[in-house]
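Structure first, then comments.
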Amino acid sequence: MTDDVVEHRRLIIAGTGIAGLTAGIYAARSNNDPLIIEGDEPGGQLTLTTDVENYPGFPEGISGPELINNMKTQATKFGADTRNGIVADVSKEPAGHFRVELTDGDAYTADAVIAASGASARTLGVPGEDELMGYGLSTCATCDGAFFRGEDMLVVGGGDAAMEEANFLTKFADTVYIAHRREEFRAEDVWIDRTMEKVESGEIELLLNTELTEIHGTPEDGIDHVTLVEHPDGHPTEKLDDPATADEVEEYDFDVGAVFFAIGHTPNTDFLEGTGVETDDEGYLITEGGRGGNQTDTGVDGLFGAGDVVDFHYQQAVTAAGMGCEAALDADEYLTERERAGELYEVEADAAAADD
Ligand SMILES: Cc1cc2nc3c(=O)[nH]c(=O)nc-3n(C[C@H](O)[C@H](O)[C@H](O)COP(=O)(O)OP(=O)(O)OC[C@H]3O[C@@H](n4cnc5c(N)ncnc54)[C@H](O)[C@@H]3O)c2cc1C
């Protein structure tokens, strides 16, 4: 082991979201000595939500942070270690093991790695966004909604997250507006029904075929108003860019005190570039999938993927936990086979070779 390496582990897991912690529980119980690295969002996305109503086994629901804390306790009870830190780079060494470098300069080696690094909230890239993020603009209603009590609030998006956030924000807002670039929502029926009930009661108003193009305000005073564009056929910014339809787009200022983006996520896979792992066009990890074992194999020997960093479609707590379990079982099989073949990384042998 080279001097700068803190420690060698059989298995390193990137991420303490529900996928990483489930992988940690299984891996610890299989004596694979996992080290789970927290990343910049310890506990993952579930720590941003108050009530999880659809995780099996909790008929009354459970708070996201409580569910995550329970899982962390369960993983550490069986011997998993967790540590603060963000993985900056993973690379495959000639001997077949991995080198895992953290942004704080620490490095580890590991025989196998599970990427359970989730996905981060997407932003629009409109003027005012960088300046006002955290000063009226947020990607997490459950975290920040209460700061804007009594204000009119705008949620941007048309999927489950947008509906959930808009419904949650009615607790605090004067009126919640949902700006969606099309006529139809992509959300589950249950969320659309709940939203329509609040539309009927006047708590939520829909701004369909509408997009946000600018946010106005200052960090000192927060958001003053936004600029919206609307076209009856939807996707108004595309129509605005086309000289043939630009005149048909209505542009107007709209007063709101807070804006919440709920427009999807970007998978956290940059730190895996050095492994040459395959990703799709949006950066989601591509895994074997299909039937039988090894479904979480990424195609890089010993590197497995689990949760929202792979799954662009379901993105649920229970599916992420399920994939975390699969990844730990796949990693166990891989480690067992390498051990049987005498191919696990031998720290002492490497140190002795370095001394010669
Ligand atoms: C507001 C909100 C409410 C939700 N409510 C529900 C719900 O009620 N029911 C439901 O089923 N689902 C819900 N979801 C979705 C659910 O939270 C996700 O599907 C689930 O958290 C995905 O788990 P994960 O472990 O794959 O990823 P994440 O939860 O995203 O965790 C990723 C982890 O990876 C870490 N990480 C990232 N990059 C690195 C790095 N470079 N190095 C090390 N670690 C890294 C992060 O710090 C984090 O710990 C909700 C999501 C949100 C945002």
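We count ligands from 1, going down the list as the structure has it; atoms in each ligand are counted the same way. Basis for what follows: all heavy atoms, side chains included, without hydrogens, waters or symmetry-related copies. Index from 1, following the sequence.
If you look at E38 next to ligand 1, the close heavy atoms, those under 4.0 Å, all belong to the backbone. Residue contacts with ligand 1 for A141 are absent, since no atom lies close enough (heavy atoms, distance under 4.0 Å). Contacts of N268 with ligand 1, taken as heavy-atom pairs under 4.0 Å, involve the side chain alone.
Of the protein's non-hydrogen atoms, S117 O, 3.2 Å is the one closest to atom 37 (C) of ligand 1. Nearest protein heavy-atom contact of atom 7 (C) of ligand 1 is N54 OD1, 3.7 Å. Looking at atom 18 (C) of ligand 1, its nearest protein heavy atom turns out to be D308 OD2, 3.3 Å. Here the protein heavy atom with the shortest distance to atom 50 (C) of ligand 1 is L46 CD2, 4.5 Å. Remark: minimum distance from atom 44 (N) of ligand 1 to any protein heavy atom is reached at G39 CA, 3.2 Å. Looking from atom 29 (O) of ligand 1 to the surrounding protein, the closest heavy atom is Q45 N, 2.8 Å. Among all non-hydrogen protein atoms, the one lying nearest atom 49 (O) of ligand 1 is E41 O, 2.8 Å. The shortest contact between atom 25 (O) of ligand 1 and any protein heavy atom is with A19 N, 2.9 Å.
Within 6.0 Å of CD in E93 there are more than 12 heavy atoms belonging to other residues, nucleotides or ligands. With a 6.0 Å radius and a threshold of 12 heavy atoms from other residues, nucleotides or ligands, Y252 has its OH atom above the threshold. Heavy-atom contacts from other residues, nucleotides or ligands closer than 6.0 Å to CZ of R9 number more than 12. No more than 12 heavy atoms of other residues, nucleotides or ligands lie within 6.0 Å of OH in Y135, so this atom counts as exposed by the packing criterion. Within 6.0 Å of the CZ atom in F312, the count of heavy atoms belonging to other residues, nucleotides or ligands does not exceed 12.
Which parts of ligand 1 touch D40 is read off a 4.0 Å heavy-atom cut-off, strictly below it: atoms 47 (O). Those atoms of ligand 1 that come under 4.0 Å of a heavy atom in Q315, given as number and element, are 15 (C), 19 (O). Less than 4.0 angstrom separates some heavy atom of A320 from each of these atoms of ligand 1: 22 (C), 23 (O), 26 (O). Ligand 1 places these atoms under 4.0 Å from at least one heavy atom of I37: 43 (C), 44 (N). Close contacts between ligand 1 and T16 involve ligand atoms 33 (C), 49 (O) [criterion: under 4.0 Å to a heavy atom]. Which parts of ligand 1 touch G307 is read off a 4.0 Å heavy-atom cut-off, strictly below it: atoms 26 (O). Numbered from 1 in the order shown, with element, the atoms of ligand 1 that lie under 4.0 Å from a heavy atom of F271 read 41 (N). Within ligand 1, the atoms closer than 4.0 Å to a non-hydrogen atom of A119 are 30 (O), numbered from 1 in the order shown.
Between the side chain of T245 and the main chain of E248, no donor-acceptor pair closer than 3.5 Å is present. Without hydrogens or angle criteria, N167 side chain to M163 main chain gives a donor-acceptor distance under 3.5 Å.
Using cut-offs of 30° and 60° for the angle between ring planes, the Y334 and F304 rings count as perpendicular. Relative ring orientation between H225 and H216 is described as parallel, the plane-to-plane angle staying below 30° on a 0-90° scale split at 30° and 60°. Classification of the F260-F148 ring pair by plane angle, with boundaries at 30° and 60°, yields perpendicular.
Residue A317 places at least one N or O, backbone or side chain, under 3.5 Å from an N or O of ligand 1.
Residue contacts with ligand 1: C140 is excluded, as none of its non-hydrogen atoms falls under 4.0 Å.
Ion pairing between a basic and an acidic side chain is recognised when a charged N comes within 4.0 Å of a carboxylate O; K239 and E211 show no such pairing. Under 4.0 Å is where a charged nitrogen must lie from a carboxylate oxygen, and between E282 and R122 at least one such pair does.
For atom 42 (N) of ligand 1, the choice among I18, V87, T269 with the nearest heavy atom turns out to be V87.
Remark: H265 engages no residue in a ring-ring contact (aromatic ring centres under 6.0 Å, His included) (not counting sequence neighbours).
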